[in-house]
Amino acid sequence: MKNTISQMKWYLVCLVIIPVMISCDKDDDVIDDGADGTDENFGYIFSLRTQGADGTSDYVWKLDSLEQLISGELSVEGLGIEQAGWNYYFGLKNSFFSINYGDEGTIAYSLDAAGNIQQTGNFYADRLDCMGIADEENMIGIGAPWGGGSYDCEFMVINAESKSITSRQFNSMSMQHGDVKLNLWPTGAVVRGDKIYVPYYPLHGETWKTPVMDTAYIAVYAYPSLDYVTTLKDERTAPIGMYGSQPCISVTEEGDIYTFSTGSYASGYTQTGSPSGILRIKNGEDNFDADYFINFEESPVAGRIVFGNYLGDGKALVRYIPVETDDEIKTVWAATNDHVYAFEMAIVDLESKTVTPVDGIPVHGGGWSRGAFIEDGIAYHDIATESEVRMYAIDIDKATAVKGALINGATVPLVYKIDY
């Protein structure tokens, strides 16, 4: 994904893939980082993207210990399983999934009895633009129309055990804006009870211009039938999320839903409007909480959110761009570019509404957000600076970070724990 629409279309033609970013939210265990460690035999499957003269290459490999994330060098040279093209990744039910839009489809990996990586299945979907975990067995996948001309989005239920799409349905997502009909682009999906919550932002399907910036939207569908139920709106903040399903909606252990509105040029919006912020839908309620709002632009960090990655226990890791920087550079899609060094991170206590910048993480490149791996109160996340790419270990309670392993590559999209 580059930072112009013409380059985005060029990628579609040349790579035959559109990247997706997975939102791993669920309403029971909330965060699915894999095995619970009660089995004495476990390992960590991870993906690593390398950058060469001819483009990127993706690999899947394994870690035997988290020590490999915090010291030394993380590399797949001569080891990793090369993937077809530029993939995105998610984990569910002891399986690590690698998404591809080519003939290979989505491939599932696990570990055999000896702890070696093995392929355990695959499925194919024409598009997967966002996905969320529905329950311990199933995921929701949504494919949206690329390039305009259609307003139909394909909703899918994907079973992690059988590695197959078990049901699918097309739902039209559009709105009239003056004399123009706009696409409603889905940015995430979570399931709470018998409903699917799908945030979206209105855009012109051919130009990707975003003329509606004054409202947060969520379309609600029934689960598992996939039928449309209603639409939720809130004018206190901008649309929720951005292209590529970067984390923007989460369900906490208590069943509360939190949403992260971006509204920045960096996140692909062609203008700004209502402020970037965080909303809540309380457990048992059917609409946004009128008494809850975090105006992120007026917070101590004065930023516009790129993503909000839920960490558990009511806290989220937020990548943001300072409002002043966003307004100065006005670089649409900067958040997808590892080489635009303008981004920072904060820990947000969602209950107390406290926003604390993470001490120890330098200003860094955008890049597609990668899901943080969380274990024992530490969130592991890769950071690209002008001089290097490293894994950082973030103490969630203290909002402090230390440098970890040097990454011999461009990014680490996902780390997932697997029993064997």
Side-chain angles (χ1 to χ4, degrees), residues 21-34 36 89-92 130-136 139-140 187-193 196-199 216 218 237 240-242 244-262 267 276-283 288-289 292-294 296 299 301 303 305-320 345-356 358 361 368-382 392 394-399 401 413-417:
M21 179 54 63
I22 305 308
S23 173
C24 295
D25 299 311
K26 53 193 287 189
D27 70 345
D28 45 7
D29 291 333
V30 184
I31 295 174
D32 183 40
D33 278 323
D36 59 14
Y89 305 90
F90 63 93
L92 180 64
C130 60
M131 185 173 292
I133 295 175
D135 51 49
E136 293 183 354
M139 297 160 270
I140 299 296
T187 58
V190 296
V191 174
R192 185 177 71 179
I196 310 167
Y197 295 80
V198 181
I218 292 180
T237 186
I240 300 161
M242 62 174 286
S245 195
Q246 304 200 75
C248 64
I249 183 168
S250 301
V251 185
T252 70
E253 297 87 338
E254 288 74 29
D256 296 330
I257 293 175
Y258 288 90
T259 65
F260 300 83
S261 291
T262 56
S267 296
S276 174
I278 301 173
L279 298 172
R280 178 174 69 185
I281 305 171
K282 294 181 70 174
N283 190 16
F288 291 109
D289 183 349
Y292 184 94
F293 178 53
I294 300 176
F296 207 76
S299 75
V301 300
I305 297 169
V306 173
F307 70 76
N309 200 327
Y310 187 64
L311 303 174
D313 295 326
K315 294 186 177 181
L317 178 65
V318 171
R319 172 176 276 152
Y320 66 92
M345 282 188 170
I347 297 289
V348 179
D349 187 313
L350 296 168
E351 193 65 35
S352 68
K353 303 182 183 179
T354 304
V355 179
T356 307
V358 178
I361 291 185
W368 294 100
S369 73
R370 275 73 72 174
F373 178 78
I374 303 147
E375 189 164 293
D376 296 331
I378 303 296
Y380 299 87
H381 203 289
D382 61 333
Y392 278 72
I394 304 167
D395 186 307
I396 297 170
D397 287 336
K398 297 178 180 178
L414 183 66
V415 178
Y416 187 72
K417 193 171 184 178

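Heavy atoms only: backbone and side chains are in, while hydrogens, waters and symmetry mates are out.
- Ring geometry, H381 versus F307: the interplanar angle falls under 30°, so the pair is classed parallel (tilted spans 30 to 60°).
- Contact between K315 and Y310 at its shortest, heavy atoms only, is O-CD1, 3.3 Å.
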For this session: Tell me, with the steps shown, if V318 and V355 meet side-chain contact (heavy atoms from CB on, under 4.5 Å).
Result: CA-CA 9 Å; V318 171; V355 179; over 6 Å; no

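- Contact detail for G188 and P199: the closest heavy-atom pair is O-CD, 3.4 Å.
- Counting only distance, with no hydrogens or angles, the side chain of T187 and the backbone of I240 share a donor-acceptor pair below 3.5 Å.
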Exercise. Checking side-chain contact (heavy atoms from CB on, under 4.5 Å) for the pair D289/D256: CA distance, chi angles, key distance, verdict?
Worked result: CA-CA 10 Å; D289 183 349; D256 296 330; over 6 Å; no

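- Using modelled atom types, no side-chain atom of T237 and backbone atom of A216 make a donor-acceptor pair closer than 3.5 Å.
- Between the side chain of N283 and the main chain of E254, a donor-acceptor pair closer than 3.5 Å is present.
- Looking only at distances, no side-chain donor or acceptor of T252 sits under 3.5 Å from a matching main-chain atom of G314.
- The environment of D313 atom CG is sparse: at most 12 non-hydrogen atoms of other residues, nucleotides or ligands sit within 6.0 angstrom.
- In this structure, S276 contributes its side chain and S261 its backbone to a donor-acceptor pair below 3.5 Å.
- The two residues A401 and Y392 come nearest to each other via the heavy atoms CB-CD2, 4.2 Å.
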Exercise. Passes side-chain contact (heavy atoms from CB on, under 4.5 Å), D349 versus I347? Steps please.
Worked result: CA-CA 7 Å; D349 187 313; I347 297 289; over 6 Å; no

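- Here the CD1 atom belonging to I278 is positioned 12.0 Å from the SG atom belonging to C248, to the nearest 0.5 angstrom.
- When side chains are defined from C-beta on, V415 does not count as touching Y380, because their heavy atoms never get closer than 4.5 Å.
- Between L311 and A379, the shortest heavy-atom contact is CD2-CB, 4.2 Å.
- Under a 3.5 Å cut-off, the side chain of T262 and the backbone N or O of G241 do form a donor-acceptor pair.
- Residues V348 and F260 have side chains not in contact (no heavy-atom distance under 4.5 Å, counting atoms from C-beta outward).
- Of all heavy-atom pairs spanning G91 and I133, the tightest one is O-CD1, 3.9 Å.
- Nearest heavy atoms, Y197 versus R192: OH-NH2, 3.4 Å.
- Note that the CG atom of L92 and the CD atom of E136 stand 8.5 Å from one another [nearest 0.5 Å].
- D382 CG to L414 CG: the interatomic distance, rounded to the nearest 0.5 Å, is 11.0 Å.
- How far CD1 of I294 is from CZ of R280: 9.0 Å, rounded to the nearest 0.5 Å.
- Applying side-chain contact (heavy atoms from CB on, under 4.5 Å) to I394 and the options I374, L317, I378 leaves one that passes, L317.
- More than 12 heavy atoms of other shown residues, nucleotides or ligands fall within 6.0 angstrom of atom NZ in K353.
- Taken from CD1 in I281 to CZ in F288, the straight-line distance is 4.5 Å, to the nearest 0.5 Å.
- The shortest side-chain heavy-atom distance between L279 and F293 falls under the 4.5 Å cut-off.
- Taking the six-membered ring where the residue is Trp, the centroids of Y258 and Y292 are separated by under 6.0 Å.
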